[in-house]
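One-based numbering along the sequence shown. Everything numeric here is computed off the predicted structure, so don't read it as measured data.
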Amino acid sequence: HKIIHNLGVFYITYADERFNYGLCAEDLLNYTAGFGIFYCEHARKLFQVEYFTKGENATGDVEDVMNSFKCSSKNNG
């Protein structure tokens with residue numbers, strides 16, 4: 001499931017007990033996972049984010065975490 005974010009893109013998928021993606025058997029699914037690539041233009045930095053969770057609202061939790069990413073407007077350099 002691909003979701004466009006204002007800083008890039010993230011995917012919601014599933015993972016096994018060793019956090020591997022791309023499973024073909026439902027009985028191997030242990031986690032709902034998020035994988036995102038975000039770019040902060042003013043800082044010229046690219047971030048890769050992976051998040052794994054379980055529970056009744058796991059997909060919503062992944063979306064909330066991924067959508068919480070923002071670039072700071074502070075100039076640290």
Gln48 CD: over 12 foreign heavy atoms closer than 6.0 Å: yes
Among Phe35, Phe69, Phe10, side chain to side chain contact (heavy atoms under 4.5 Å, CB included) partner for Val49: Phe69
Taking every non-hydrogen atom, the tightest pair across Ala58 and Thr32: CB-OG1, 3.4 Å
Shared hydrophobic cluster for Tyr11 and Tyr39 (ILVMFWY, side-chain gaps under 4.5 Å): yes
Any Glu41 side-chain heavy atom under 4.5 Å of Cys71 side chain: no
Check against side-chain contact (heavy atoms from CB on, under 4.5 Å), Lys2 and Val9: CA-CA 7 Å; Lys2 178 180 177 179; Val9 63; 3.6 Å; yes
Lys70 NZ to Asn6 CG distance, which is reported to the nearest 0.5 Å: 8.0 Å
Qualifying residue for side chain to side chain contact (heavy atoms under 4.5 Å, CB included) with Tyr14, from Leu28, Asn20, Leu29, Asn30: Leu29
Heavy-atom pair with the smallest gap, counting every atom of Ile12 and Thr59: CD1-CG2, 4.0 Å
Same cluster (ILVMFWY, side-chain, under 4.5 Å), Ile37 and Ile4: yes
Closest non-hydrogen atom pair, Tyr21 against Gly34: OH-O, 4.1 Å
Check: His5 side chain, Gly36 main-chain N or O, donor-acceptor pair, under 3.5 Å: no
Phe19 vs Tyr31, ring-ring contact (aromatic ring centres under 6.0 Å, His included): CA-CA, chis, key distance, verdict: CA-CA 8 Å; Phe19 305 109; Tyr31 297 96; 4.9 Å; yes
Least distance between heavy atoms, Asp61 atom then Tyr51 atom: O-CE2, 4.2 Å
pair Met66-Ile3: side-chain heavy atoms closer than 4.5 Å: no
is_close_aromatic(Phe38, Phe47), centroid dist under 6.0 Å: no
